[in-house]
Amino acid sequence: MSGGGCSIVWFRRDLRVEDNPALAAGVRAGAVIAVFIWAPEEEGHYYPGRVSRWWLKQSLAHLDSSLKSLGTSLVTKRSTDSISSLLEIVKSTGATQLFFNHLYDPISLVRDHRAKEMLTAQGISVRSFNADLLYEPWEVNDEEGRPFTTFSAFWEKCLSMPYDPEAPLLPPKRIIPGDASRCSSDSLVFEDESEKGSNALLARAWSPGWSNADKALTTFVNGPLLEYSQNRRKADSATTSFLSPHLHFGEVSVRKVFHFVRIKQVLWANEGNRAGEESVNLFLKSIGLREYSRYMSFNHPYSHERPLLGHLRYFPWVVDEGYFKAWRQGRTGYPLVDAGMRELWATGWLHDRIRVVVSSFFVKVLQLPWRWGMKYFWDTLLDADLESDALGWQYISGTLPDGREFDRIDNPQFVGYKCDPHGEYVRRWLPELSRLPTEWIHHPWNAPESVLEAAGIELGSNYPLPIVEIDAAKVRLEQALTQMWQHEAASRAAIENGMEEGHGDSADSPIAFPQAMHMEMDHEPVRNNNPVIVTVRRYEDQMVPSMTSSLFRVDDEETSVNIRNSVVDTRAEVPNDVNVTEGPRRDTLDQAVTQPARTNATPPQFNFVVGRRNSEDSTAESSSSTRERDGGVVPVWSPSSTNYSDQYVGDDNGIGTSSSYLQRHPQSHQLMNWQRLSQTG
DNA sequence: CACGTATTCCG
DNA sequence: GGAATACGT
């Protein structure tokens, strides 16, 4: 309200005018400059894939036309550094305020925190909002104030919070445009010539943009939602909501989805429609998983690249680019897997069930490093979403406390008859099998020669034999797990004896990138002066390196200090007014590595303190903050807590570990606190 | 109704 | 693969 200048509303993955708190705040404050900055280089390895960029392009055009009808238009900038672009825009428009909505992926956490610091230093008033979640991650904690580490406990809590998620805001009636005459727009290029042809087909199936998202929601809620619980495990996906890409780009707010669906649920409950009620519960659960993915990303910023259960570091992944290629091309010899991979390649879309099938096959049968698969999903999915995909792959890989058990292989043959009982899905995507009878459609290798001949199939020539036999995969998986536990035990023993860990161990050598993916090699300088550091970092590198692993690389003392701070601040600073208090910091890796052994005896270390908004802020906002749920509660997060291992809530209250695999290995109950490792230089 | 067995579900 | 539930005798 105060200050004469206009405000900048920085759009990112909130490409909507309805229920957009940052936009609403800008409109309340006066004249608005709406801005979108395209800086994909900031995403490192996670440069958006072709179909995702296609969507973004459409969605931005849609937003721009909505903004125009409200009285302003979208200023677009091509940049390699969002923050300098913001500063430029401030300079050329005389804006005095910046509003944006929170994001929770690790890259944004760091960037947004810096943006806040740097613009505030320029005298700009910066405020940020929750537009992406039902509840902010720091609002959802257990009785002791610690973050949850299992989904069901988390979601139960979300559904029983003492206050409901905010009701969605209406779109502004009109927007007073700020003076952007001295602030030029760049035209953004999202696709090259070679991509245009492939993208042309997408428009037939999808309509990006916030009002289309709204239509998709209505269509779903009035149609397939009722039978969601019946249909959700069928491979042909006509009954899903198709909301995920809309949600990824924030074209529709989850709060709106939530309330809309809940209203329907109450209606059905009153009619005694049990099936409908149950369907809503199940659908909301999938919304909850998206919610949880942000929660995990916020609490464990490395979850997109490192297993959350540390023992997976010792898993001997099979590094075989031939396997990887066969998987990508849908030539594994397992019809359901292959059909899925062909659909993904052709359309950028996969039903959730099929995502589970192909990723589980990837990890359990092929035993390829899960981050390769995740990266491929990132490159090809229309709804590619770092947090959701990381959670999904970690779940499949058994690297979460409540994930699937690692020692169990889903057999695509049996799963096939469950989710595609008549083989229609397989036949649609694998024309070479289209004449094969249903009896053999999910296991052609068992079919009699005569049947294959009649269907025109020659295994090994026009359709592959199984790339790996399931039985062989089981044996190999068992061996790999044995090896993993041995290494894990050995390294723990070594640490307890104060010995250097894992020296000369061949399984520690880093996994190189497949050439096929455009990922940089991460050449790790060997530091002979401190072998322990070398060892630990090798384990990180065993995963496919990513932007953040190189960002947080600790090569020289000077930068590592800064990096360390930014990591710590990152977690604390998503809210616009958190106070980071300096705390004791562990400085040697030795201590940090030793820590996990002690954490069993250490009380929970999440030092969330409920604090008050600082006074400056609350007065400035008193007139405009009805939207934010602040009675002033915002976490104050002490960096000291990052020095301790994240504690996995064990069996103390009710959340009994159902997993025998984890029970046999109690140490695997601890979530890795990778932050701790990277903080120590 | 008890009991054994098939089926379903599992973030 | 194992618990929970539904089913069948």
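Everything numeric in this text was worked out from a predicted model, so none of it was measured. The sequence lines fix the lettering, A, B, ..., with proteins before strands; numbering per chain opens at 1.
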Atom pairs under 3.5 Å, N or O on each side, protein against nucleotides 3-5 of chain C: can you list them with distances?
none

Residues in salt bridge (charged side-chain N to carboxylate O under 4.0 Å, His left out) with [X], at least two apart?
{"X": "A/Arg274", "answer": "A/Glu277"}
{"X": "A/Asp14", "answer": "none"}
{"X": "A/Asp383", "answer": "A/Arg355"}
{"X": "A/Asp420", "answer": "none"}

In whole Å, what is the span from the [atom1] atom of [X] to the [atom2] atom of [N]?
{"X": "A/Arg404", "N": "C/dG2", "atom1": "CZ", "atom2": "P", "result": "16 Å"}
{"X": "A/Asn281", "N": "B/dC9", "atom1": "CG", "atom2": "P", "result": "15 Å"}
{"X": "A/Leu289", "N": "B/dG11", "atom1": "CG", "atom2": "P", "result": "9 Å"}
{"X": "A/Leu400", "N": "B/dC10", "atom1": "CG", "atom2": "P", "result": "17 Å"}
{"X": "A/His300", "N": "B/dG11", "atom1": "NE2", "atom2": "C1'", "result": "15 Å"}
{"X": "A/Arg232", "N": "B/dG11", "atom1": "CZ", "atom2": "P", "result": "9 Å"}
{"X": "A/Met296", "N": "B/dG11", "atom1": "CE", "atom2": "P", "result": "14 Å"}
{"X": "A/Tyr295", "N": "B/dG11", "atom1": "OH", "atom2": "C1'", "result": "15 Å"}

### Task
Would you classify A/Gly288 as touching base, sugar-phosphate or nothing, given that sugar-phosphate means primed atoms plus P, OP1 and OP2, and contacts are heavy atoms under 4.0 Å?
nothing

### Message
Need one value for A/Asp352: base, sugar-phosphate or nothing, where a base atom within 4.0 Å counts as base even if backbone is also close, heavy atoms only.
### Response
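The answer is base, as A/Asp352 lies within the cut-off (heavy atoms under 4.0 Å) of a base atom.
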
### Query
What residues form a ring pair (Phe, Tyr, Trp, His ring centres under 6.0 Å) with A/Phe377, not counting sequence neighbours?
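Testing A/Phe377 for ring pair (Phe, Tyr, Trp, His ring centres under 6.0 Å), a comparison that skips the adjacent residues, returns A/Trp393.
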
### Message
Applying ring pair (Phe, Tyr, Trp, His ring centres under 6.0 Å), can you list everything that pairs with A/His248, at least two apart in sequence or on another chain?
### Response
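A/His248 satisfies ring pair (Phe, Tyr, Trp, His ring centres under 6.0 Å) with no residue once adjacent residues are dropped.
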
Report, one pair per line, the protein and nucleotides 5-7 of chain B atoms (nitrogen or oxygen only) whose separation is under 3.5 Å.
none

### Query
Ring of A/Tyr395 versus six-membered ring of B/dG11: centres under 5.5 Å and planes under 30°?
yes

### Task
For A/Asn222, check side chain to side chain donor-acceptor pair (under 3.5 Å) against everything at least two apart and list the hits.
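With sequence neighbours excluded, A/Asn222 shows a side chain to side chain donor-acceptor pair (under 3.5 Å) to A/Lys264, given in chain and number order.
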
### Task
Classify the side-chain pair A/Glu136/A/Tyr104 by whether it contains a donor and acceptor separated by less than 3.5 Å.
yes

### Task
Verify the distance criterion only: is there a donor paired with an acceptor across the side chains of A/Arg328 and A/Tyr376 at less than 3.5 Å?
no

